[in-house]
Amino acid sequence: MSGLSLHLQKLKKFSWSGIAALICLIFILFVVLYTFFHLQHDPNLTNLDERLQGMSLQHPLGTDQLGRDVLTRLLLGAQQTIGYSLLALLAALIIGVPFGLISGYKRGLVDRVFMRIADGFLAFPDTIIAIVLSGLLGPGIGNLVLAIIMVKWVSYARLVRSTVLAESQKEYVLVARTNGLSPIKIIRKHLFPHIIGHVLVLASLDFGKIILLISAFSYIGLGVQPPTPEWGAMLNESRPYFQTRPELMIYSGLAIVVVVLLTNMLGDYLRDHFDVKKEVEQ
Amino acid sequence: MILSMEQVSIRSGEKKIIDNVPFSIDKGEWFALVGQSGSGKSILSRAIGQLLPKNFQVEGKILLNEEDLCSLSPKQMRTIRGQTLSYIFQDYQGTFTPFRTIGQHLEEYQKVHGNLDTRQRKIKSIEALHSVGLDEAFYSSYPFQLSGGQLQRASIAIALLLSPDLLIADEITTALDSVSGHRILELLAKKQKEIGCTILFITHDWRHVRRYADRIAIMKDGVIVESGGKHRILDHPKHAYTKQLIHATPILGKGLLSGLQEVGKE
Amino acid sequence: MGRDGFISLILPSLTLGLAISSVYVRLLRSSLLDSFSQEFIRAARARGLSEKRIFLMHAFRHSLPPVITVFGVSLGSLIGGVVVIEVLFAYPGIGKLVVDAIRQRDYPLIQGYILIMAIIIFIVNACVDLSYRYLNPEMKLKEREANR
Amino acid sequence: MSLLTVKELTKSYQSGKVAVDYLSFTLNKGECLGLVGESGCGKSTLARCLLRIEPINSGSIYFNNEPIESLNGRQLYSYRKKLQIVFQNPLAALNPKLKIKDSLVDPYLEYAKELNLSYFSFTSKAAFVKQLLEAVELPSSLADRYPHEISGGQQQRVTIARAISIEPELIVLDEPTASLDVISQRAVLTLLTELRETLNLSYLFISHDLAAVNQMCQRILVMKEGHLIDEFNRRDLFDNERHAYTKELISIY
């Protein structure tokens, strides 16, 4: 795509926060993949006599109430939380972006129908829709991810639609149309560079939100079902032992906070980089 | 001498915007400041009313009626803004707060400057609207209900309500089409004769002022390159930039650019 | 903890409110900054109005609409958030009720929950729209002309 | 020989506002026809109708004596090849995320197969861009810059270069110099006049500035609220049978 060029419009002061966030995220993904292959402990193997032990060489972060190694569960839990969030995000993008392009550029019936759906989703908060959907489909991570996808694709479609609408009124698109460029070519060559910026920023900010959603739902038992390791579920399982072994909750809680913080830092950095103004203000 | 600037320089950070500008305006005169966009003419005009944002540093003296405005406290400055000095801006939409009626603007303006008798304020406001050719009905209408020309007339009404000594008109005809712009200039000239106030008229197109201005100053990149009587500047420009500016602007009429009859000797 | 009088309300509402408050702080700040950069604020200053009067009569009211929009939307997500908080604090509210209903697949109860939520959200959005009319006369007059 | 003939063109918006009302005029080959009118008189709408960006209600448009008002899709392709437009705000007419050189070759890449250029020659993209920039007196170093990195005058020259890159027969100039400062206005107008002779183009020059139109164009049309109220040659500008509105415009400039 020769026309596509991601460039620094104005040389901004080099902000370290974005780069640091990116490096940490890559580090976390690397660690997650590493554990996938080099598994010391079976995360679901219960061993009751080693129950609720503190830190030791064999179990760097100790063991939980069923004697399972906390570190391995934490790392594998990352796969569940981050993996499913990424899956939900990508699916929402794949559905939302083309829909936004068509309804933004083609207008007509597609656009009117979409606007009614978007208004409906906007009025209803996504958490409630997710609850209702997982209620109808039954608890379980698969249904939760489906619910999130059905909720999230609308915001991407709306963002892409508003960007396309704003840009396609501009004269340079009119000139392209009078030069006989087909709509596909106009979208690919002229509109895509604008969309990329906005979508990337929204995606990174949304990634944090999806992680919170999945953890919250696993926490209330609608997401990942035991015994699979997942941060939200671990948080919930170690709640009764809060007084005796608080660090059990702290590990998974901290993990969620750190990852969400990093993704938001990355989002803010991308927002400055593409100097995307208010339309991405959530 | 109603307004005079002595060695005024304005800087934003280390960029020098206005460079050592000396100029003065006499009482009751129509003084035109002509310069292209980016020459700093609007910044200079805002500096007079101390309306510049904080990141601008102003040096030198700005004397209004022999009183240095830079040394005044914000409170004193507020009484001056309105009673002795008033502004009209290019963006007529932006002169009015969208959710308040024209009448409310007029009322508030008088109340803030000490006219506490509501009945008298109402009479004065209606009178001001009539004086700029606006119907009384506009008193209770919102800004978005008026056309560009009408809004600019309303802002003239507000600016001249407390009959100020100096009126600063910052590119007021640029956003209007030429016919309504022409009528606004005629109205301003008529009001100047009635009230006798001095006008500092800022524009990028000297054709707008060639009939009304008494004296003209040409500004380029923060420096006044030439200033003098209208006839001297338009018909016998000296500075190269002024010549270029005069030559570049297409003109229709025959005869002298300053519009004076050929016969009149300088 | 469960429910024993007013005291048990404080901690849940605090946790729920804290997250949303940061959104409002940032939003009101950016909305006020935007209002103060408007042309009519400079025109008001040029007329010699005091900063206090400009803030009260002009800038604040101009910055309200975006805040109210977010209020409408965030009230909706608050209702969603309440579900998690109720489960966490074991506060027997409607949120906890629906979670248990989902676990036991008690569909009529879920439908009831949806109905109530839909009504609440509808009322909230209607109020937000009405406040737009009051704040922005332009919309009110366009409405009157449209249906005359 | 008439290049463009418009007969009883009418265009109104859904809101019922009639933008162009029963307009007829002809534009001859190699001529610069001026169209003067205040903002809101429908001149920009007329330009968009001619380019078939906006649909028209009734009337007909003949280009090289062929009706084009009912053509669409592929049939429009050959008509569009011979027609270009230059808008008022150059920054909006250039994609901010594309380099100058990519914007410049955009039209040529589209029509490459059907073009046989007489004045320019497309040996390579860089050479072609260099020729275009020289034709509008711009340094070829601008090719790799972005639109917001160059001045308003330069941006407008780039849009003009893009317009002449496929050597059209007619260029619609919709207030080309309104957003430029006076000095670059003069430079752009002189450039346009030179290009008209070297590439034997014809222009429809639309502006609210009667003085600029009088300087550029041989024939002038005056438009008010969608109607054509006056049509005259440049030399008859000061005749007294001019329409009252034209006289008022003359008195202003």
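Proteins come first, then strands; the chains are lettered A, B, ... in the order of their sequence lines, and each starts at number 1.
Between D:D102 and A:K189, none of the side-chain N atoms (NZ, or NE/NH1/NH2) sits under 4.0 Å from a carboxylate O, so this pair counts as no salt bridge.
Each of D:I53, D:I85, D:L51 was checked for a side-chain contact (heavy atoms from CB on, under 4.5 Å) with A:L174, and the lone residue meeting it is D:I53. A:N179 pairs with exactly one of D:K81, D:R80, D:Q84 by the side chain to side chain donor-acceptor pair (under 3.5 Å) rule, that one being D:Q84.
In this structure, the side chains of A:Y172 and D:N95 come closer than 4.5 Å at one or more pairs of heavy atoms. For the pair D:F87/A:V175, a side-chain contact is recorded, criterion being any heavy-atom separation below 4.5 Å from C-beta on. Inter-residue side-chain proximity for A:T178 and D:L83 is flagged as unmet; no heavy-atom pair is nearer than 4.5 Å. Side-chain contact between D:P96 and A:H194 is present, with at least one heavy-atom pair separated by less than 4.5 Å.
The environment of D:Y77 atom OH is dense: over 12 non-hydrogen atoms of other residues, nucleotides or ligands sit within 6.0 angstrom. A:Y84 OH: 12 or fewer foreign heavy atoms inside a 6.0 Å radius. Residue-environment remark: OH (D:Y13) exceeds the threshold of 12 foreign heavy atoms within 6.0 Å. By the neighbour-count criterion of 12 heavy atoms within 6.0 Å, atom NZ of D:K130 is sparsely surrounded, having that number or fewer from other residues, nucleotides or ligands.
Only the side chain of D:R162 has a heavy atom closer than 4.5 Å to any heavy atom of chain A. Residue D:Y111 touches chain A through its side chain alone, counting heavy-atom pairs closer than 4.5 Å.
Options A:K185, A:K170, A:H190 differ in how many heavy-atom pairs under 4.5 Å they form with chain D, and the most are formed by A:H190.
The two residues A:G180 and D:E110 make their nearest non-hydrogen contact at O-OE2, 3.3 Å. In this structure, D:K97 and A:P193 approach most closely via the heavy-atom pair CB-CB, 3.8 Å.
The CZ atom of A:R177 lies 11.5 Å from the CG atom of D:L76; values are rounded to the nearest 0.5 Å.
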